[in-house]
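These notes are about the structure you will find just below.
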Amino acid sequence: MKTYKNKIAAALLASLVLAGCGTDTSAAAPAVEEATDAVTEQAQGLIEEVIENSTLADILSRGYINFATEGTYAPYSYHDDNDELVGYDVDIARAIADKLGVEARFTETQWDSIIAGLDAKKYDAISNQVSITDERKEKYLFSDPYTYAYGVLIVTDDNTDINSFEDVDGKKLAQTITSNWAKLGESYGAEIVSTNGFSDSIQLVLQGRADGTINDNVTYLEYLKEQPDSKVRIAAQSEDASESAVLIRKEDVDLQAAINAALKVLVSEGKLKEISEKYFGEDISSAS
């Protein structure tokens, strides 16, 4: 047990030293120092918290952590032109593993069976845009969030009539008819034009066959990255965000603590922001 405890503590504390190097004269030094001090305390606490025969102890013993992910869900988890597994969730999982001093390995599986596989202990955790919900929190643990998605109302950039959700009353919104976004639009008095997804919806808006569409800002950012000259804008954004995080079995409290400590280091280093901007052009890893 002492070996496990020393390994996790050494990995996290070494990361903290690196995170703080060269920052004492910068404008961000107080914030970085505060963040690293907090994680130092948490990492030291983990020395006493690694539970014998736990998932974390097993991870540290074998030298790798196994994450479940879809592998077909761009830009979060997919295969690039060289058939390498990449994506926002994949990069974050690898960064977490690095801070824990172990290798990241991945089991690719379909979304419909991904949580059942966690229950069956086919992998250690899930990194695949799992939204934090009260229902899931009853049965599982979540890490700190690393994705914050807001609902946005998208219109053409020359539309001056719509500047809030209230302005869609009596207007046409292009939406997947069964989606929560369609229900939100209806709650504001909009007429829903049925589509098969965001790509269809945005085309109807651009063609003038719909006045707007509601979706999450992450999907919108991905679209803008592929279509930077598209003549659309965000007319309104929701105040509340949907949060996604690593999903962990209920009993793995020490693994949750270790992953959270690693995430705090990655935040203080600016690594999460860097990964986010790589895939979306903006930082979706923190609340607006």
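The basis for the numbers below is simple: all heavy atoms, side chains too, and nothing from hydrogens, waters or symmetry mates.
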Check whether Y220 reaches the backbone of N215 with its side chain - one donor and one acceptor, N or O, closer than 3.5 Å. no

Considering only NZ, NE, NH1 and NH2 on the basic side and carboxylate oxygens on the acidic side, decide whether E269 and K271 come within less than 4.0 Å. no

Interatomic distance, Y76 atom OH to N128 atom CG [nearest 0.5 angstrom]: 10.5 Å

Evaluate D119 against Y140 for side chain to side chain donor-acceptor pair (under 3.5 Å), listing each step before the verdict. CA-CA 10 Å; D119 293 337; Y140 303 95; 2.9 Å; yes

So, T195 versus S201: side-chain donor-acceptor pair below 3.5 Å or not? yes

In terms of hydrophobic clustering (I, L, V, M, F, W, Y; side-chain heavy atoms under 4.5 Å; direct or indirect links), are V232 and V168 co-clustered? no

Are side-chain N/O atoms of Y223 and S230 paired as donor and acceptor at under 3.5 Å? yes

Would I154 end up clustered with V193 when hydrophobic side chains under 4.5 Å apart are linked, directly or stepwise? no

Near K250 NZ, under 6.0 Å, is it more than 12 heavy atoms from other residues, nucleotides or ligands? yes

Would you kindly check if the NZ (Lys) or CZ (Arg) of R62 is within the cone defined by 45 degrees around the ring axis of Y64 and under 6.0 Å from the six-membered ring centre? yes

In one Ile/Leu/Val/Met/Phe/Trp/Tyr side-chain cluster, 4.5 Å: W111, Y78: no

Answer yes if I126 and I59 sit in the same cluster of Ile, Leu, Val, Met, Phe, Trp and Tyr residues linked by side chain heavy atoms under 4.5 Å apart, and no otherwise. no

With rounding to the nearest 0.5 angstrom, report the CG to CD distance, D112 to E70. 8.5 Å

Side-chain polar contacts of residues 180-187 - donor-acceptor pairs under 3.5 angstrom, sequence neighbours left out - could you list them?
from : atom 1 : to   : atom 2 : distance (Å)
S187 : OG     : L184 : O      : 2.5

Quick one: sort the Y88 and Y146 rings into parallel, tilted or perpendicular, breaks at 30° and 60°. tilted

Look at the rings of F165 and Y188 and say which category their plane angle falls in: under 30° parallel, 30 to 60° tilted, over 60° perpendicular. parallel

Starting at OG of S194, measure out to CG of L173 and round the result to the nearest 0.5 Å. 12.5 Å

Checking ring pair (Phe, Tyr, Trp, His ring centres under 6.0 Å) for the pair Y123/F67: CA distance, chi angles, key distance, verdict? CA-CA 6 Å; Y123 23 82; F67 289 98; 9.8 Å; no

Within the supplied structure, the quantity of interest is the number of heavy atoms (other residues, nucleotides, ligands) at a distance under 6.0 Å from E166 CD; does it exceed 12? yes

Search all heavy atoms of L100 against all heavy atoms of A262 and return the closest pair with its distance. CD2-CB, 4.2 Å

d(D200 CG, R209 CZ) to nearest 0.5 Å is 9.5 Å

When rounded to the nearest 0.5 angstrom, what distance separates OG1 in T156 from CD in Q207? 12.5 Å

Is it the case that one hydrophobic cluster holds both L272 and F142, taking links as side-chain heavy atoms less than 4.5 Å apart, direct or via other members? no

Measuring from atom CD1 of I92 to atom CD1 of I259, what distance do you get when rounded to the nearest 0.5 angstrom? 12.0 Å

Within the distance-only criterion (no hydrogens, no angle test), does the side chain of S242 pair as donor or acceptor with the backbone N or O of A149 below 3.5 angstrom? no

Would you say D167 and S164 are linked by a side-chain donor-acceptor pair, where the criterion is simply a distance under 3.5 Å? yes

Which heavy atom in G71 sits nearest to a heavy atom in E108, and how many Å separate them? CA-OE1, 3.6 Å

For D124 and T55: C-alpha separation, side-chain torsions, deciding distance, then whether side chain to side chain donor-acceptor pair (under 3.5 Å) applies. CA-CA 7 Å; D124 304 311; T55 300; 5.3 Å; no

When you compare the side chains of Q129 and D89, does any donor N or O come within less than 3.5 Å of an acceptor on the partner? yes

Taking CD in E135 as the centre, count heavy atoms belonging to other residues, nucleotides or ligands within less than 6.0 Å. Is the count above 12? no

T69 side chain vs S127 backbone, donor-acceptor pair below 3.5 Å: yes

Please report the shortest heavy-atom distance between F280 and P75, naming the atom on each side. CE2-CG, 3.5 Å

For the pair Y279 and D91, evaluate side chain to side chain contact (heavy atoms under 4.5 Å, CB included) and give the outcome as yes or no after the intermediate values. CA-CA 10 Å; Y279 288 99; D91 283 10; 3.0 Å; yes

Run the salt bridge (charged side-chain N to carboxylate O under 4.0 Å, His left out) check on R136 and E138 step by step: do they pass? CA-CA 5 Å; R136 287 173 180 156; E138 290 179 1; over 6 Å; no

Taking N82's backbone N and O only, do any of them form a donor-acceptor pair with D80's side chain (distance below 3.5 Å, no angle check)? yes

Restricting to non-hydrogen atoms, name the atom on S286 and the atom on D283 that form the minimum distance, rounded to 0.1 Å. OG-OD2, 3.3 Å

Please check: side-chain N/O of S276 versus main-chain N/O of E282, any donor-acceptor pairing under 3.5 Å? yes

Criterion side chain to side chain donor-acceptor pair (under 3.5 Å) against R233, the qualifying member of N163, D158, D157: N163

Neighbour count above 12 (heavy atom, 6.0 Å) for E243 CD: yes

Flag the pair K273 and E277 as a salt bridge only when some basic side-chain nitrogen lies within less than 4.0 angstrom of an acidic carboxylate oxygen. yes

Please determine, by modelled atom types, if D240 and Y150 share a side-chain donor-acceptor pair under 3.5 angstrom. no

Determine, for K225 against E222, whether the closest basic-nitrogen to carboxylate-oxygen distance falls under 4.0 angstrom. no

Distance only, no hydrogens: is a donor on one side chain within 3.5 Å (strictly under) of an acceptor on the other, for N260 and S143? no

Say whether, by atom type as modelled, one donor and one acceptor occur between the side chain of D211 and the main chain of K172 under 3.5 angstrom. yes

Write down the atom of G212, the atom of V155, and the distance for their closest heavy-atom approach. CA-CG1, 4.2 Å

For G63 and V102, work out which heavy atoms get closest and say how close. O-CB, 3.4 Å

